[in-house]
Each structure stands twice: as structure tokens, then as C-alpha cells.
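The chain is numbered in sequence order, starting from 1.
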Amino acid sequence: MNRRALLRATTALGATGALAATAASPASAAVPDPTRPLRVHIAMFDGVEELDFAAPYEVFSAAGFFTPRPVEVSYVSAAGARSVTAAYGTVVRGVRPWAPDEAELLVVPGGGYARRDSPGVWAEIDRGTLPSALAAAPRPGLTVAALCTGVMLLSAAGLTKGRPCTTHHKAKPDLQAQGGLVKNARVVDDGELVTAGGVTSGLDLALWLVRRELGPDAATNLEQMLEYEARGTVWSSRGAR
């Protein structure tokens, strides 16, 4: 039995038992074509926090084990195809060029916000390339998501002004001062804009988006595989979840 079949078989055993009480997924405006891939792009830049990008990558990639819909996950950079050196020295090669028109989900991690003179979010804000690319990215059919201080890149792009949002607790005063309507929640879903709190919130952001886009069975099976239960409050403009 291959790994995909084994994971499906083992997680199915408990999916309708202890996990059955999990809240329902928000209804989509339209039922997605199950043959069309869910394409997830994760924005990369020098100084990005390792867990910020690795946790969503793991969740979205593993989601493919639990849905008939293909899931494609890519690292992308507004600076073009390149290698990226993360906050603790991890080198990520094979980062693809920026192409938000080819994605359904665009996820922006954070990193380096506390170090103004080092690679990271502040350096990207000062450079301007990534915020400009983010400002131009929104279109029908694309959800822009961010976690931790990656939300401050969305703020620099003007995407959070007047919108419900959240970020790492130390950056919340800045986010509010820049016009964000900061909510006390781990994940804030305002439709095509979804934000999350600091570092480990990337797991919860990704699990929520899996639930929203691929259904509750995919999300609960993922939780069992990862041995992680989604935590914290999800604030949703679609109503309480």
C-alpha cells in the first residue's frame, strides 16, 4: 500500500468519531471544479521565518492525501526565480517567479520584523518590490492570506486598511495604526483576505483554509495525521464558526 492510500485508510477510522464535533466549513459562493487544482503560492523573501513558511507548506501539501482535488503548492518570489535564505540560515532553492494570476491562494509569511537592520519584513517594505506586487495581486478567485508579521507586508500594500485582520501580538499596534481593524482572534477570515497571528498560527491558518476550500473531512483528517488540533478563535465575516 502506498503512503497516500495508507494515510487515507488510517485517518478514515476516526474521522466520524471524536472529530465529528468540529465546526462546519463556511459555504463557498460556488462549488469548485473538483478536477481543477487548488494552487497555493507561498511568498518568499530573505529573512522569512522558517516555521512561517514551512508549516503552511506542510499542511497544504499533505492536504492532497485527503481530497480528490489536486493540490499544487509552490514557493514564489516577487524578485523572480531565485534562492532564498531564511531567518535562521535555511537556504530554499527552486523558488519560482511571482505569478498570482496562476493561484487560488497566495500566502505571505513573516519574519525579521523585530530586526529593522536585517533581512526580513522591514527590508522588504523599504525595498518596495514585494508590497507593490501584493498591491497588484488581488483579483476575483484569489484569496490573499498572511500570518505573523507577513500581515505587515499586506498593510504596506494597502490591503488591510479598513479590513478586519490580525497579526503577531507585538505588531498589532502598528497594524491598527495603519488602519487595520484588528480582531482578537487567531485567524481572521474576511473573505478574500485571511490573516493569522504569530508563528505557529500558520498551522491554524492553513488548516482553516483547507477546511474552507477542500471541506471539513480533509481538515480533520489532516489534524489526525499531523497530531495537531486547530486551536484558537476563527473570526469570520461570514458569521460565527
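Here the closest heavy-atom approach between residue Thr167 and residue Leu175 is recorded as CG2-CD2, 3.7 Å. Closest of all the heavy-atom pairs between Pro109 and Ala43 is CD-O, 3.0 Å. Residues Glu50 and Gly89 share a closest heavy-atom pair of OE2-N, 3.6 Å. Nearest approach of Leu222 to Ala62, heavy atoms of both residues: CD2-CB, 3.5 Å. Annotation for Gly202 and Pro56: closest pair O-CG, 4.0 Å, computed over non-hydrogen atoms. Nearest heavy atom pair, residue Ala196 against residue Leu205, reads CB-CB, 3.8 Å.
Between Val210 and Phe66 the shortest side-chain heavy-atom distance does not fall below 4.5 Å. Proximity of Val151 to Thr166: side-chain heavy atoms (C-beta onward) are nowhere separated by under 4.5 Å. Counting heavy atoms from C-beta on, the side chains of Glu124 and Val48 never come closer than 4.5 Å. His168 has its side chain out of reach of Tyr113: every pair of non-hydrogen atoms, C-beta onward, lies at least 4.5 Å apart. Proximity of Arg231 to Asp204: side-chain heavy atoms (C-beta onward) are separated by under 4.5 Å at one or more points. Taking 4.5 Å as the limit, every side-chain heavy atom of Thr90 sits out of range of all side-chain heavy atoms of Thr85. Put simply, the side chain of Thr220 reaches to within 4.5 Å of the side chain of Arg211, judged on heavy atoms. With a 4.5 Å cut-off on side-chain heavy atoms, Thr160 and Gln178 do not count as touching.
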Test Arg127 against Ser132 for side-chain hydrogen bond (donor to acceptor under 3.5 Å, both in side chains), laying out the working first.
CA-CA 10 Å; Arg127 187 175 295 112; Ser132 294; over 6 Å; no
Before you tell me yes or no, could you show the steps for Thr143 and Leu193 under side chain to side chain contact (heavy atoms under 4.5 Å, CB included), namely the whole-Å CA-CA distance, both residues' side-chain angles and the distance that decides it to 0.1 Å?
CA-CA 6 Å; Thr143 294; Leu193 177 70; over 6 Å; no
Any chance you could lay out the side chain to side chain contact (heavy atoms under 4.5 Å, CB included) test for Val71 and Leu214, step after step, and finish with the verdict?
CA-CA 10 Å; Val71 181; Leu214 300 175; 4.0 Å; yes
Please test Glu192 against Val144 for side chain to side chain contact (heavy atoms under 4.5 Å, CB included), starting from the C-alpha separation and ending with a verdict.
CA-CA 6 Å; Glu192 79 285 358; Val144 178; over 6 Å; no
Val92 and Phe53: CA distance, side-chain angles, deciding distance, side chain to side chain contact (heavy atoms under 4.5 Å, CB included) verdict:
CA-CA 11 Å; Val92 182; Phe53 68 81; 3.8 Å; yes
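For the atom pair NZ of Lys172 and CE of Met152, the computed distance is 12.5 Å after rounding to the nearest 0.5 Å. Here the straight-line distance linking atom NE2 of His41 with atom CD of Glu104 works out to 8.5 Å at 0.5 Å rounding. The distance from atom SG of Cys165 to atom CG of Leu159, rounded to the nearest 0.5 Å, is 10.5 Å. Once rounded to the nearest 0.5 Å, the distance linking OG of Ser155 with CG of Leu134 reads 11.5 Å. Considering CG of Leu181 and CH2 of Trp235, their distance stands at 8.5 Å, rounded to 0.5 Å. The CG atom of Leu154 lies 10.0 Å from the CG atom of Leu147; values are rounded to the nearest 0.5 Å.
When Phe45, Phe60, Tyr57 are each tested for a ring pair (Phe, Tyr, Trp, His ring centres under 6.0 Å) with Tyr75, only one passes: Tyr57.
Counting only N and O atoms by type, the side chains of Thr195 and Arg163 include no donor and acceptor under 3.5 Å apart.
Ser74 places no side-chain N or O within 3.5 Å of a backbone atom of Val76 that could act as its donor or acceptor partner. Side-chain atoms of Arg139 come within 3.5 Å of backbone N or O of Pro100 as a donor-acceptor pair. Listed for the Arg69 side chain is a donor-acceptor partner under 3.5 Å among the backbone atoms of Arg36.
Under the 4.5 Å side-chain heavy-atom criterion for Ile, Leu, Val, Met, Phe, Trp and Tyr, Val187 and Val199 are members of distinct hydrophobic clusters. No continuous path of hydrophobic side-chain contacts links Leu51 to Met44 [ILVMFWY only; heavy atoms under 4.5 Å]. Under the 4.5 Å side-chain heavy-atom criterion for Ile, Leu, Val, Met, Phe, Trp and Tyr, Val182 and Leu153 are members of the same hydrophobic cluster.
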